[in-house]
Amino acid sequence: MKLLFLGTGAADHVWSRYGEPDVLGSTASLLEDHILLDCGPTVCASLKRFGADFSKITAIVNTHSHSDHFNTEQIKEISAGRMIDFYGTIQACEQVKDFCRIHPIASGDEFDVANVHFLTLPANHAVTDLKEETFNYLISCNGKTLLYALDTAWMLTKARRLIGETKIDGIIWDATMSEPHDWRIFEHSDPEMFDSIRKVLIQTGNISENVPVYFDHRARTLWPLDLSEQQKIAARYNARLALDGDTVFF
């Protein structure tokens, strides 16, 4: 399974300065060269910057409709009259129905995009409309399974039950904060919070101790500015930083 990190920054990055050092793109990833996971305000610039082919994109799978993950103008530009597939909440689908083939989904739903299988998990996150869901995903392709968990806090009971006994080969996890005890813990994560979840998933046999983990969605104001200091924090938890432009394989 191939994943390109198009952007790895939380919403406090100044995207009018995107491309400058220390300005991360809006969090989004390109899966298997043709599936966009989220489409925020810097995605088109990121696709061009990292040499991805717009015409290969067949689908957008959305985690939630916050503006740093869901930008209708960017989606329209990528669709470019091709009516690509869009998977998201009923509310998000309604906003892109004129230029995408919409597929409203809810937590617990399963769907396939070509040879990639998605199980929709409820995220511990909320948008303005509290009736609208937010999602994480369990993604399976070529015999590998990836837990893609952005934005979220502590794993919800329903999500844990949906995962069940699934063996997970890689994790992309929300790390908006670098240190614990921040007030954002009710809908975002820090490495210490993830470490507790990880230990339990090892005990339950869902992951091995050495499963690759990437900390994504890092807030500019809640992590050290120095990249080497950020990497030290990730290493402390046996994890790696998701970095704009990096391609990883699971």
Side-chain angles (χ1 to χ4, degrees), residues 3 5-13 15 25-32 34-47 52 54 56-114 116-139 146-153 156 158-159 162 172-174 176 186-189 216-217:
L3 187 83
F5 293 114
L6 293 171
T8 58
D12 61 348
H13 284 268
W15 288 317
S26 56
T27 299
S29 300
L30 184 63
L31 181 66
E32 292 290 290
H34 72 102
I35 303 170
L36 268 179
L37 303 177
D38 283 340
C39 188
T42 68
V43 165
C44 290
S46 297
L47 288 165
F54 278 48
K56 290 184 178 179
I57 295 173
T58 62
I60 297 172
V61 178
N62 186 228
T63 61
H64 64 294
S65 62
H66 273 149
S67 61
D68 57 322
H69 296 258
F70 177 75
N71 182 290
T72 57
E73 290 305 312
Q74 299 280 301
I75 295 169
K76 186 184 297 185
E77 183 174 344
I78 291 165
S79 184
R82 295 183 293 125
M83 295 293 285
I84 62 175
D85 293 298
F86 179 90
Y87 298 82
T89 61
I90 293 172
Q91 294 90 334
C93 284
E94 182 66 22
Q95 296 185 57
V96 299
K97 65 181 181 181
D98 292 337
F99 42 89
C100 291
R101 282 187 299 272
I102 59 171
H103 305 272
I105 54 175
S107 60
D109 286 353
E110 299 185 55
F111 59 93
D112 294 299
V113 182
V116 182
H117 183 75
F118 290 82
L119 170 59
T120 309
L121 306 175
N124 192 350
H125 195 65
V127 294
T128 301
D129 179 359
L130 294 179
K131 294 180 181 179
E132 183 176 355
E133 288 194 278
T134 61
F135 303 133
N136 295 155
Y137 292 100
L138 206 58
I139 306 169
L146 173 69
L147 174 59
Y148 194 84
L150 307 171
D151 302 358
T152 197
L156 294 172
K158 182 177 179 179
L162 285 166
I172 313 297
W173 194 268
D174 181 280
T176 301
F186 298 106
E187 61 175 351
H188 286 294
S189 296
D216 203 344
H217 197 266

Residues that His69 engages under ring pair (Phe, Tyr, Trp, His ring centres under 6.0 Å), provided they are two or more places apart: His64, His217

Distance, nearest 0.5 Å, that separates CD of Glu73 from CZ of Phe99: 7.0 Å

Side-chain donor-acceptor contact under 3.5 Å, Thr72 with Gln95: no

Thr152 side chain to Asn124 backbone, donor-acceptor under 3.5 Å: yes

Leu37 side, atom CG; Thr27 side, atom OG1 - distance, nearest 0.5 Å: 11.5 Å

Any residue meeting side chain to side chain donor-acceptor pair (under 3.5 Å) with His188, in chain and number order, not counting sequence neighbours: Asp174, Thr176

Residue among Leu47, Ile78, Ile57, Asn71 satisfying side chain to side chain contact (heavy atoms under 4.5 Å, CB included) with Cys39: Ile78

Side-chain donor-acceptor pair present, Ser65, Gln91, cut-off under 3.5 Å: no

Donor-acceptor contact below 3.5 Å, side chain Ser46 vs main chain Leu6: yes

Qualifying residues under side chain to side chain contact (heavy atoms under 4.5 Å, CB included), relative to Ala59, sequence neighbours excluded: Asp85, Tyr87, Val113

Ser67: partners by side chain to side chain donor-acceptor pair (under 3.5 Å), with sequence neighbours left out: none

Partner set under side chain to side chain donor-acceptor pair (under 3.5 Å) for Lys76, not counting sequence neighbours: none

Partner set under side chain to side chain donor-acceptor pair (under 3.5 Å) for Thr63, not counting sequence neighbours: Asp38

Nearest-0.5 Å distance, CD1 of residue Ile139 to CG of residue Leu3: 7.5 Å

